[in-house]
Number of protein chains: 2
Amino acid sequence: MPKVGMEPVRRKALVEATIHEIGRAGTLDVTVSQIAKRAGMSSALAHHYFGGKTQIFMAAMRHILSQYGLEVRRRLKKAKTHEERLRALVDANFAPSNFREEVVSAWMNFYVLAQNVEEARRLLTVYYHRLHSNLVHDLRPLVGGEAVIIARRIEALIDGVYLRQSLRNEPANPATASELVLGTLENELARCGSQRPAATLSLIAQKERSE
Amino acid sequence: MPKVGMEPVRRKALVEATIHEIGRAGTLDVTVSQIAKRAGMSSALAHHYFGGKTQIFMAAMRHILSQYGLEVRRRLKKAKTHEERLRALVDANFAPSNFREEVVSAWMNFYVLAQNVEEARRLLTVYYHRLHSNLVHDLRPLVGGEAVIIARRIEALIDGVYLRQSLRNEPANPATASELVLGTLENELARCGSQRPAATLSLIAQKERSE
DNA sequence: GGTTTTTTATTGACTAGTCAATCAACAAAA
DNA sequence: TTTTGTTGATTGACTAGTCAATAAAAAACC
């Protein structure tokens, strides 16, 4: 029974169904029918609103990236010092909204997609650059010239944690993951920072341990 | 013109063609025909020798993992001290034989495969455990109780470097990649090691810089 | 040594199934 | 009656896997 103004509702449902379906299957090899079914409509309607399968994937990827961006900005707003901002940047990656089983799996598959589809690669590159310049911005005052190399380490580490999470059967544990990255960061700062006492940071201290 | 004793030749050709084809396509979505064609035979023959597509993939994955294992053992044999052994363990990941564009891409896709196919996951788990226990074995004497957590960081970092490499257009640079990981490791050791002078390690010093 | 039989290598043609994309048709709201 | 929403049915392309047939080498036999 056709109601009017369905377009945004349908699009949203499809995007979310896509992420869940990719997460469930662990692959980009999901059919439009599967996605449409989960979103509660026919596959023809999915094509009607998005045009094609690739566009559905791209919309889903854009959604994940924008949700991630939102999380980053939300946390950065609360942070004052450089140390707090660094923690915010790292923690955003492991926020519950991003670091869930299906979303992590979808991320992994988008990485693969970015190897094939130029637009996907572009999106990912934007995210990379933003994270990198954010990190460098707050690392520079603390470690000077080492900022870039340390940023690269943190970036790779975050991706690695995601990758390994996608292989686990256990549900994601934000605290453990975040701690792993922050611990490394703390080490880097303690080692080559010279303008502030190492203890100032204490990134981890404020969280309880797990694992 | 049938020559006899072709089986091992064909199998090898198919395995290598599989890796190249996956790397080229950036996806597991390659057809048996494409693989067979690159290996210089008909798709029927590929089926004849391997049975099915999944088995072809598994054979390719096993080949990559065994090549990696070989590299590790080769380097470990030359290493004497714990520090040298740690460096060997890290460097093996970035040896030219493993850290090439197609192989990196294949790795990424095998990660995805491991989310779906139980046997693929098992293979990857074996590799994980071996790397982990190797790292811990040589970290423990240097850093004691922190060995496990540091090992986890290094492992995630290595995976992250692979992942990011798969997104680049530029050819892989072993030196840069290795340095990124070894630098982190050095930091960790310098920070929490207490039984030996930090300078002893100098993991990076012996390599020229790049990037 | 020559002939037959068996084994191994090889492929073109075919089957059965899947799936993205399209379209014609229908239904409610404006 | 025009716009918006919706779907079942269909098309067209593609692909994993099978099979029967062919051909050379090797082995067995005389």
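Below, chains carry the letters A, B, ... as their sequence lines are ordered, and counting in each starts from 1.
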Spacing between [X] atom [atom1] and [N] atom [atom2], to the nearest angstrom:
| X | N | atom1 | atom2 | answer |
| --- | --- | --- | --- | --- |
| B:F57 | D:dA16 | CZ | P | 9 Å |
| B:H47 | C:dC14 | NE2 | C1' | 14 Å |
| A:M6 | C:dA29 | CE | P | 12 Å |
| B:H48 | C:dT8 | NE2 | P | 9 Å |
| B:L14 | C:dA9 | CG | C1' | 13 Å |

Nearest heavy-atom approach of B:F50 to B:A59 is CE2-CB, 3.5 Å

* To do: Give a yes/no on whether any side-chain N or O of B:Y49 is located under 4.0 angstrom from OP1 or OP2 of C:dA9.
  => yes

Can a side chain N or O of B:R10 be found less than 4.0 Å away from OP1 or OP2 on C:dT10? yes

Side-chain heavy atoms of A:F94 within contact of A:V181, under 4.5 Å
yes

Ordered by number, residues from residues 28-45 of chain B within less than 4.0 Å of DNA chain D (heavy atoms) are B:V30, B:T31, B:V32, B:A44

Using a strict cut-off of less than 4.0 Å between a Lys/Arg side-chain nitrogen and an Asp/Glu carboxylate oxygen, indicate whether B:E7 and B:R11 qualify as a salt bridge.
-> yes

- Message: Taking the six-membered ring for Trp, are A:Y162 and A:F99 closer than 6.0 Å centroid to centroid?
- Response: yes

Checking D:dT6, C:dA21, C:dA9 against the side chain of B:E7 (C-beta onward), the nearest is C:dA9

Residue set satisfying side chain to side chain donor-acceptor pair (under 3.5 Å) with A:E71, at least two apart, ordered chain then number -> A:R74, A:R75, A:S97

Residues pairing under side chain to side chain donor-acceptor pair (under 3.5 Å) where one sits in residues 48-61 of chain B, two or more places apart or in two chains, turn out to be none

